Amino acid sequence: MGDQNIFAAVLDKVRAANEALIADGVLPVGIDQSRIVVEPPRESAHGDMATNAAMVLAKGAGSKPRVLAEAIAAKLRRDDVVAKAEVAGPGFINLTLRPAAWINALRAILAAGKNYGRGDVGGGAAVNVEYVSANPTGPMHVGHCRGAVFGDALANLLAFAGFNVTREYYINDAGAQVDALARSAFLRYREALGEHIDVIPEGLYPGDYLKPVGAALTAEYGAALRDKPETEWLPVVRNRAVDMMMAEIRNDLQALNVVHDVFFSERSLIEGTRDQVGETIAALRRAGYVYEGRLPPPKGAPVEDWEDREQTLFRATDFGDDVDRPLMKSDGSYTYFASDIAYHKNKVDRGFRSMIDVWGADHGGYIKRVQAAVSAVRAITQAGNADLDIKIVQLVKLLRGGEPVKMSKRAGEFVTLREVVDEVGKDPVRFMMLYRKNDAVLDFDLAKVIEQSRDNPVFYVQYGHARAQSVFRNAREAVPDLPSDDAARAAMLAAAPLDRLEDAGELALMRRLALYPRLIEAAAVAHEPHRIAFYLYDLASDFHTQWNRGKDASYLRFIIQNDPQMTMARLALVQGLVTVLASGLGLLGVEAPDEMR
RNA sequence: GCGCUCGUAGCUCAGCUGGAUAGAGCACCAGACUUCGAAUCUGGGGGUCGGGGGUUCGAAUCCCUCCGAGCGCGCCA
């Protein structure tokens with residue numbers, strides 16, 4: 001929606017000015033305009049927006065930036081919405097727009113409502129966002145929160161920016177870990193049958209959370225499994241255990257408001273109608289990317305039972321990885337990495353040319369080989385434009401009142417995702433997990449995130465929305481027929497005399513609101529949902545500031561009892577604010593409350 | 001030893017893919033307010049952007065190199 005994005009609109013004006021200069025012979029025909037940007041200046045004294053056009057074009061035009069800037073500025077001054085166009089610094093053109101431009105921007109918000117900021121940079125392209133993908137060997141712990149929230153918000157953001165998003169969870173239901181899960185559950189099964197289980201052996205999962213699995217198996221099979229050989233009971237127990245773990249995981253995710261479209265089973269790659277892992281390896285082998293060979297022993301900490309043997313290797317080094325990677329274990333089964341190649345190929349086969357994987361920081365060392373895998377998949381599938389972006393979410397440090405929360409992994413004592421959500425609620429969890437760049441370590445303080453004060457960004461933003469809603473409630477006296485329905489109210493307020501909004505604080509608020517579509521686009525392209533959280537904080541801050549000014553100067557209040565027209569105009573501004581706050585919070589998956597209690 | 005990520009105010013962090021005099025919150029200092037236009041407000045001080053070199057009109061941002069922190073480093077997932 002270009003007409004919503006005032007920066008894009010002004011960029012068009014700059015381009016038009018350049019076209020005029022081409023016609024005048026000042027600029028050469030066909031000069032590259034792609035690097036021109038129009039952006040808000042860091043210093044508000046520099047005007048409303050600035051463009052680097054002259055500096056970018058100077059070289060190609062064979063002229064000096066400031067001279068060229070003056071020529072472009074002269075063209076821009078002819079435009080109605082441009083109040084001022086000044087050349088500054090090395091050749092910036094600073095633009096000040098007439099207030100009418102910002103008022104039009106507000107009008108666009110009222111007209112678009114929930115769809116304000118919705119973009120089309122995605123162009124409907126299919127993108128697969130894979131996140132969480134926690135092993136189904138136990139309940140999710142607090143460390144999983146961040147990836148869950150990040151992936152979910154990113155998916156929301158991409159959908160809003162015009163991508164066709166699939167939210168996916170990869171279930172690691174193959175391999176040794178789920179076999180260990182099955183053996184652990186089998187002990188709980190025997191326990192449920194009345195047997196005394198003394199200790200859970202090393203390497204198995206000791207947690208109580210497997211007791212219900214044992215009980216369920218007893219209920220369904222009685223004692224029938226107990227005396228069968230492991231080869232017979234293991235698949236049965238494993239499936240049941242994985243199913244029950246996944247049910248619990250989905251449940252926990254739901255408490256965080258995280259919902260996936262596709263749960264993709266790793267096992268299905270091997271046990272479906274075809275062996276997709278085998279097929280992928282064969283295809284790679286035909287293309288020359290797989291060979292039988294030997295690896296040098298691993299560096300770093302010495303490995304106890306290292307044995308030098310010939311094995312099936314993927315030429316990851318052809319694609320920038322440090323060493324070639326094994327595809328088959330010594331017992332003849334596929335490595336996890338082999339499945340992962342097939343899995344990413346499967347995504348490409350399903351039509352995804354854009355893939356995003358969200359991983360925890362401890363998987364950082366895995367990036368190169370999976371990128372190498374995708375490069376090879378590109379080569380064997382003719383999907384030349386297939387792209388994978390791997391987003392790493394850093395560790396979360398759980399605190400309570402500044403003190404680290406003790407967790408002992410060895411004793412199996414970990415804080416679950418569920419416990420955290422139950423204690424503080426999903427909103428603080430979601431907002432705070434996003435109030436930080438994904439690749440920076442995050443402190444999450446259980447005490448601070450529920451504080452009702454300015455220090456707590458979640459509260460500050462939500463309070464902004466609640467306070468704005470309270471304006472509507474209190475406005476009924478001055479404007480008795482004000483609708484409570486959002487769309488109806490927006491429609492009514494659009495008819496208000498918006499040109500009476502001329503206070504500096506009001507204009508600042510309108511400028512910030514006008515930034516939203518541009519922010520959405522940039523955040524979506526960069527895969528950075530945290531930008532929304534920071535923007536919302538700034539927006540709420542602008543609103544609270546203006547509110548506080550009304551305490552000292554009553555003519556700046558939003559409701560002016562004896563001036564219904566002015567009140568209407570200010571309510572329109574508040575409506576714009578509410579629209580954007582609710583939209584942004586919605587993308588983060590955080591409630592926009594009508595009141596705080 | 002190697003790879004990845006990070007290093008910005010005393011602290012916690014932004015910095016819009018290379019733009020102008022690097023921002024915000026906390027803390028600190030100085031005022032205001034004693035309150036439902038409630039869950040504080042206004043202003044102020046505070047920086048070799050880890051160090052050094054390079055690329056160019058221009059670098060916190062890109063490249064190289066040191067220093068420091070975190071994570072990872074065979075057939076685990």
Side-chain angles (χ1 to χ4, degrees), chain A residues 35 37 39-43 45-46 50-52 55-56 58-59 64-66 88-92 94 133-135 137 170 172-178 180 266 295-301 303 305-309 311-312 321-323 325-340 360-368 392 394-395 435-437 439-443 445 451-457 459-460 463 466-467 470-471 474 515 518-519 521-523 525-526 528 530-531 533-535 537-538 541 544-545 547-552 554 556-559 596:
Chain A
R35 287 176 54 224
V37 295
E39 55 188 5
R42 199 148 44 188
E43 195 74 38
H46 292 147
T51 179
N52 61 351
M55 291 180 289
V56 172
K59 207 172 219 171
K64 291 185 174 166
R66 287 192 62 107
F92 286 100
N94 290 331
S133 300
N135 287 341
T137 51
Y170 184 51
N172 301 131
D173 54 1
Q177 289 191 10
V178 282
E266 178 187 358
L295 284 179
K299 306 274 194 240
V303 179
D305 53 350
W306 166 258
E307 86 180 282
D308 186 25
R309 68 176 176 91
Q311 49 188 339
T312 305
D321 198 1
D322 307 318
V323 289
R325 303 290 176 178
L327 298 174
M328 310 287 285
K329 301 187 209 169
S330 51
D331 68 1
S333 64
Y334 300 122
T335 60
Y336 177 80
F337 177 58
S339 298
D340 224 4
D362 52 341
H363 290 66
Y366 203 71
I367 293 176
K368 277 189 183 178
I392 293 295
Q394 265 294 350
L395 178 95
Y435 198 63
R436 194 110 312 173
K437 247 180 327 197
D439 48 16
V441 179
L442 181 148
D443 290 346
D445 194 311
E451 250 174 45
Q452 300 215 339
S453 77
R454 166 156 211 176
D455 308 355
N456 178 5
F459 169 77
Y460 195 63
Y463 180 40
R467 185 176 248 181
S470 82
V471 175
N474 294 330
L515 234 46
R518 182 178 183 275
L519 169 92
E521 185 173 321
V525 170
E528 290 184 349
H530 76 274
R531 294 190 198 185
F534 283 94
Y535 168 82
Y537 182 86
D538 290 341
S541 177
H544 290 307
T545 298
W547 179 278
N548 290 326
R549 290 178 69 211
K551 283 200 244 184
D552 293 335
S554 59
L556 285 177
R557 293 184 176 202
F558 293 96
I559 298 169
M596 305 290 285

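Lettering follows sequence order; numbering is per chain, from 1. Since this is a predicted model, take the numbers as computed values, not measurements.
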B:rG23 and B:rA9, which share atom name P, separated by this distance in whole Å: 14 Å
Taking all atoms of both residues into account, what is the closest heavy-atom pair of A:Pro40 and A:Leu515, and its distance? CG-CD1, 4.0 Å
Provide, to the nearest angstrom, the distance between the CD1 atom belonging to A:Ile392 and the C1' atom belonging to B:rC6. 13 Å
Hey, does A:Gly175 reach any base, or is it just sugar-phosphate, or nothing, if we go heavy atoms under 4.0 Å? sugar-phosphate
Atom pairs under 3.5 Å: protein N/O with N/O of nucleotides 34-39 of chain B:
unit_1, atom_1, unit_2, atom_2, d
B:rG37, O2', A:Arg557, NH2, 3.3
B:rG37, O6, A:Phe558, N, 3.3
B:rG37, O6, A:Ile559, N, 3.1
B:rG37, N1, A:Phe558, N, 3.2
B:rG37, N2, A:Trp547, O, 3.2
B:rA38, OP1, A:Lys551, NZ, 2.9
B:rA38, OP2, A:Lys551, NZ, 3.0
B:rA39, OP2, A:Arg467, NH2, 3.3
B:rA39, O2', A:Gln452, O, 2.9
B:rA39, N7, A:Tyr463, OH, 2.1
B:rA39, N6, A:Tyr463, OH, 3.3

Minimum-distance pair of heavy atoms, taken over all atoms of A:Asn94 and A:Ala50: OD1-CB, 3.5 Å
Starting from P on B:rG74, measure out to OH on A:Tyr366 and report it in whole angstrom. 13 Å
C1'-based separation of B:rG18 from B:rG72 [nearest Å]: 32 Å
Pairwise C1' distance for B:rG68 and B:rC49, with rounding to whole Å: 16 Å
Any chance you could measure A:Arg467, atom CZ, to A:Phe558, atom CZ, to the nearest 0.5 Å? 9.0 Å
How long is the line joining CG of A:Leu395 and P of B:rG72, in whole Å? 10 Å
Each nucleotide in nucleotides 8-16 of chain B should get exactly one letter: B, S or -. Can you fill that in based on protein heavy atoms under 4.0 Å? ----SSSSB
So what does A:Ala88 hit on the nucleic acid, given a heavy-atom distance under 4.0 Å: a base, only sugar-phosphate, or nothing? base
Separation of A:Gln311 atom CD from B:rG74 atom C1', in whole Å? 7 Å
For A:Pro326, answer base if it contacts any base atom (sugar-phosphate contacts may also be present), sugar-phosphate if it contacts only those atoms, and nothing otherwise; contact means non-hydrogen atoms under 4.0 Å. sugar-phosphate
Between A:Lys64 and B:rC57, does any side-chain N or O lie under 4.0 Å from OP1 or OP2? no
For A:Asp322, enumerate each residue passing the salt bridge (Lys or Arg N to Asp or Glu O under 4.0 Å) test, keeping only those at least two apart in sequence or located in another chain. A:Lys368
Can you give the dot-bracket line for RNA chain B, where a pair is Watson-Crick or G-U wobble with both atom distances under 3.5 Å, crossing pairs use [ ], and | marks a partner on another strand? (((((((..((((.....[...)))).(((((.......))))).....(((((..]....))))))))))))....
Can you tell me how far C1' in B:rA39 sits from the matching atom in B:rA30, rounded to whole Å? 25 Å
Ring-base stacking, A:His363 with B:rG72 (5.5 Å, 30° cut-offs): no
Could you tell me how far apart A:Asp362 (CG) and B:rC4 (C1') are, to the nearest whole angstrom? 13 Å
Within the structure shown, what part of the strands sits under 4.0 Å from A:Gln177 by heavy-atom distance: base, sugar-phosphate, or nothing? base
Taking only residues two or more places apart in sequence or in another chain, which ones pass salt bridge (Lys or Arg N to Asp or Glu O under 4.0 Å) with A:Arg531? A:Glu528
Would a distance-only check, ignoring hydrogens and angles, find a side-chain to backbone donor-acceptor pair under 3.5 Å from A:Asp340 to A:Tyr336? no
What integer number of Å spans the P atoms of B:rA59 and B:rG54? 12 Å
Can you measure A:Phe92 atom CZ to B:rG19 atom C1' for me and round it to whole angstrom units? 4 Å
B:rU48 glycosidic torsion: syn (within 90° of 0) vs anti: anti
Atom CE of A:Met328 to atom C1' of B:rG74: distance rounded to whole Å? 16 Å
Provide the distance between the two C1' atoms, one in B:rG47 and one in B:rG15, to the nearest whole Å. 14 Å
note: A:Tyr460, atom OH; B:rG25, atom C1'; distance rounded to Å ~ 10 Å
Can you check whether any acceptor in the base of B:rA20 is under 3.5 Å from a donor in the side chain of A:Asn94, or vice versa? yes
What one should report as the nearest heavy-atom pair of A:Thr51 and A:Val37 is OG1-O, 3.0 Å
When rounded to the nearest 0.5 angstrom, what distance separates CG in A:Asn456 from OH in A:Tyr435? 10.0 Å
Which label fits A:Phe534 and A:His530: parallel for a plane angle under 30°, tilted from 30 to 60°, or perpendicular past 60°? perpendicular
Applying a 4.0 Å non-hydrogen cut-off, can you work out what A:Ala174 is touching in the nucleic acid: base, sugar-phosphate, or nothing? sugar-phosphate
At 4.0 Å (heavy atoms only), tell me whether A:Ala361 reaches a base, stays on the sugar-phosphate, or touches nothing. sugar-phosphate
Restricting to non-hydrogen atoms, name the atom on A:Gly360 and the atom on A:Ile392 that form the minimum distance, rounded to 0.1 Å. O-CD1, 3.8 Å
Would you check if there is a donor-acceptor pair between the side chains of A:Ser339 and A:Glu266 at a distance under 3.5 Å? yes
Mind checking the CZ-NZ spacing from A:Arg557 to A:Lys551? Nearest 0.5 Å is all I need. 9.5 Å
Between B:rA22 and B:rG45, how many Å separate the two P atoms, rounded to a whole number? 14 Å
Is the closest side-chain donor-acceptor distance between A:Asn135 and A:Gln177 under 3.5 Å? yes
Could you check A:Arg35 against A:Tyr537 and say which one's nearest nucleotide on RNA chain B is further toward the 5' end? A:Tyr537
Contacts of type side chain to side chain donor-acceptor pair (under 3.5 Å), residue A:Arg436, not counting sequence neighbours: none
Write down the distance separating the C1' atoms in B:rG53 and B:rC16, rounded off to the nearest Å. 29 Å
